[in-house]
Structure formats: structure tokens, C-alpha cells
Amino acid sequence: MHILLTAAGGFLGSITRYYCSLMFKKPGLHTWMVNIIGSILLGIITNMYIHGLLSSQFFSFLGVGFCGAFTTFSTFGYETTHFLIEKRYALAIVYVSTMIITSLVIVSFILQY
Amino acid sequence: MPKRINLPVRVAILIGSFGAIGAALRAGVTEWFSMVSLFPFGTWMINTLGSFLLSLLLFHPTFRYQISPMIYTALTVGAIGSFTTFSTVTVETVDLWMANPVHALVYVLGNILTSVGACLIGYFLVKERA
């Protein structure tokens, strides 16, 4: 049952991510935004789940399925590699560090409450 | 930059279906690993494997012309994109930090290093020989 809910969330999450990629043509920008927004969303959903405001079914659907599929690590790794191959080292470092630090800082605040 | 975005329904459904499979696989692998260890090795392995596969497909000089563009997008954006995840890494890192900050740092830096490393290996395996 949970795996079907996760799949349904993944269905919507991957379409939403693709839709966002069509909005921004600049390489890396949509992945950057999607990963930060998706992390914040998962932080909120996890917090609600921990406090008993969401059922485990909803968590599978929205958290594991939607947020998990909406955000992506493989494209992040690929784009970073692409910047490295093009010898744009500063851009690679800024891309990685701002994405990671921004999402970690915001999510750590969300999970405190 | 408001402009009309053209996403045909059949393309969306195909990407979504592959994305559903990717997400379900991820859930299965993560659950299996969670029975073995409290440390989130499942997500880490998934992200590294997915990054490697994606870079093989995207850096390959001819593969994209050998299959239908729709299937190509569904495989890369849909299946592999949904299989790997960033949001879970963020939440797991914050979670690890509360118990042991060193574990959190190892986890988040490890995810980045092995995934980018796997992409570089993929790139050198398939790039066009000059």
C-alpha cells in the first residue's frame, strides 16, 4: 500500500520537476531551486509527521514520493561534473555549497519546532 | 520571463510513470537498508548509483539519438531523477546532526563526493575518444 502511495507521489513529483526545468533555460538554476524548495517542503512534512499531524500514508505519498522525486541528486551530480569538466571550478563550488547550506540551515530551523 | 510552457499530456504521463517506478524503487531499497543499519546508507547508495547511470546516459555521444526522445527524457528526468533524491539527504543530515555532527558531515559530504566522483567516472567511460 505504502509503495503505491510513494509511486503516486513520485509520478507527480517528477512531472512537477520537469515542468520547472522548462521554465528556466539556464543550466543548473532549476535544479538549484527545486532542491531547496523540495527540502523545505520535506522538512515541513517531516515535522508534521513527527508531531502526529500527518498519517504515515500521507508521509509516504507527499514526503517519500512527491518531495523525494521532485528533488534530485543525480542531476545535481551531473551538473556539478559538467561545470568541473568545463573548468568552471568557482561556479561548481558556489553551486554545491549554496544549495547544500541554504537547505540545511532552513530545514534545521524547521525541524526544531 | 513569463512564457507559455508546452508540456503535452502524453509526455507528462510517460515521465510521471517512469518517475513513479524510480520513487518506488528508492522506497524499496531505503526500507531494506533501514532494517540493516540506522545510518542512511540506502539513500547514499541510491544517489551514487543514480548519478553514475545518469552521467553514462547524458555524456554518451550517441545514445540519445538511438532511442526515442520521449523515452530518453522519461529515463533520465523521470526514472533516474526520481530514484535519486536531495530533500531526503537534507532531512537525514539534520537528523544525524542532532545525534552526532560528525556523522552528519560525513554523510552530506560523502553523498556529494561519491556522486560527483561516480559522474566523473561515467564521463570518462563514455566520452568521445579524440
Side-chain angles (χ1 to χ4, degrees), chain A residues 2-15 17-19 21-25 31 34-43 45-46 60 63-82 84-85 92 96 99-100 103-104 106-108 110-112, chain B residues 1 3 5-7 11-13 15-24 26-28 30-31 43 46-48 50-55 58-59 73 76-91 93-95 97-98 104 108 111-112 115-120 122-123 127:
Chain A
H2 279 259
I3 207 98
L4 288 179
L5 290 165
T6 301
F11 182 88
L12 297 175
S14 52
I15 295 173
R17 173 163 40 79
Y18 184 62
Y19 191 83
S21 77
L22 298 176
M23 282 165 38
F24 301 98
K25 283 280 170 266
T31 313
V34 151
N35 278 348
I36 291 175
I37 293 169
S39 294
I40 295 170
L41 206 58
L42 184 64
I45 290 168
T46 305
S60 289
V64 184
F66 184 85
C67 290
F70 179 56
T71 60
T72 182
F73 212 92
S74 47
T75 313
F76 165 63
Y78 166 77
E79 278 161 355
T80 307
T81 307
H82 206 91
L84 292 176
I85 291 167
V96 172
M99 191 193 295
I100 297 275
S103 27
L104 281 180
I106 299 176
V107 169
S108 62
I110 293 171
L111 288 183
Q112 275 178 0
Chain B
M1 59 176 108
K3 61 176 168 63
I5 292 160
N6 183 28
L7 176 55
V11 176
I13 289 176
I15 291 174
S17 306
F18 276 65
I21 295 168
R26 168 166 43 79
T30 315
E31 196 167 303
T43 316
I46 284 166
N47 284 341
T48 308
S51 298
F52 177 68
L53 293 175
L54 186 71
S55 91
L58 294 185
F59 282 122
T73 309
T76 52
V77 179
I80 303 177
S82 295
F83 181 56
T84 61
T85 181
F86 184 87
S87 51
T88 311
V89 173
T90 310
V91 170
T93 303
V94 172
D95 199 40
W97 182 276
M98 292 169 185
V108 68
N111 257 285
I112 299 168
S115 297
V116 174
C119 282
L120 282 169
Y123 167 73
K127 72 165 180 169

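Heavy atoms only: backbone and side chains are in, while hydrogens, waters and symmetry mates are out.
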Can you classify the ring geometry of A/His82 versus B/Phe59 as parallel (below 30°), tilted (30 to 60°) or perpendicular (above 60°)?
parallel

What are the two closest non-hydrogen atoms of A/Phe73 and B/Ile112, and how far apart are they?
CZ-N, 4.0 Å

Counting heavy-atom pairs under 4.5 Å to chain B, which of A/Gly77, A/Gly68, A/Gly38 comes out on top?
A/Gly68

Contact leader toward chain A among B/Gly50, B/Ser17, B/Ser55, where contacts are heavy-atom pairs under 4.5 Å
B/Ser17

Nearest heavy-atom approach of A/Tyr78 to B/Cys119 is N-SG, 3.6 Å

Side chain to side chain, A/Val64 and B/Arg26, heavy atoms closer than 4.5 Å
yes

Which distance, rounded to the nearest 0.5 Å, do you find between the CZ of B/Phe86 and the OG of A/Ser103?
3.5 Å

Rounded to the nearest 0.5 angstrom, the OG1-CG distance for A/Thr46 and B/Asp95 is 9.0 Å

May I have the step-by-step check of side-chain contact (heavy atoms from CB on, under 4.5 Å) for B/Ile15 and A/Phe11, ending in yes or no?
CA-CA 8 Å; B/Ile15 291 174; A/Phe11 182 88; over 6 Å; no

Smallest heavy-atom separation, B/Ile5 atom then A/Met23 atom, equals CD1-CG, 2.9 Å

Heavy-atom distance under 4.5 Å to chain A: side chain of B/Thr30, backbone, both or neither?
neither

Using heavy-atom distances under 4.5 Å, tell me whether B/Val116 contacts chain A through its side chain, its backbone, both, or neither.
both

Do you know which of A/Ile110, A/Leu104, A/Thr80 has the most heavy-atom pairs with chain B at a distance under 4.5 angstrom?
A/Leu104

Can you tell me how far CG of A/Leu42 sits from OG1 of B/Thr85, rounded to the nearest 0.5 angstrom?
7.0 Å

Heaviest contributor of heavy-atom pairs below 4.5 Å to chain A, chosen from B/Gly19, B/Gly28, B/Ala20, is B/Ala20

Starting at OG1 of A/Thr72, measure out to CG of B/Asn47 and round the result to the nearest 0.5 Å.
8.0 Å

Closest approach of B/Gly16 and A/Ser14, non-hydrogen atoms and distance?
CA-OG, 3.6 Å

Non-hydrogen atoms of chain B under 4.5 Å away: do they reach the side chain of A/Ile106, the backbone, both or neither?
neither

Can you name the closest pair of heavy atoms from B/Met98 and A/Leu111 and give their distance?
CE-CB, 4.1 Å

Just give me the residue among B/Leu58, B/Leu53, B/Thr43, B/Ile46 that pairs up with chain A most often, heavy atom to heavy atom, under 4.5 Å.
B/Leu58

For residues B/Thr90 and A/Ser39, report the shortest heavy-atom separation together with the two atoms involved.
OG1-OG, 3.0 Å

Under 4.5 Å to a heavy atom of chain A? For B/Asn6 that would be backbone

Test your reading of the model: is there a side-chain donor-acceptor pair from A/Thr71 to the backbone of B/Ser87, 3.5 Å cut-off?
yes

Is a side-chain N or O of A/Ser74 found less than 3.5 angstrom from the main chain of B/Ser51, in a donor-acceptor match?
no

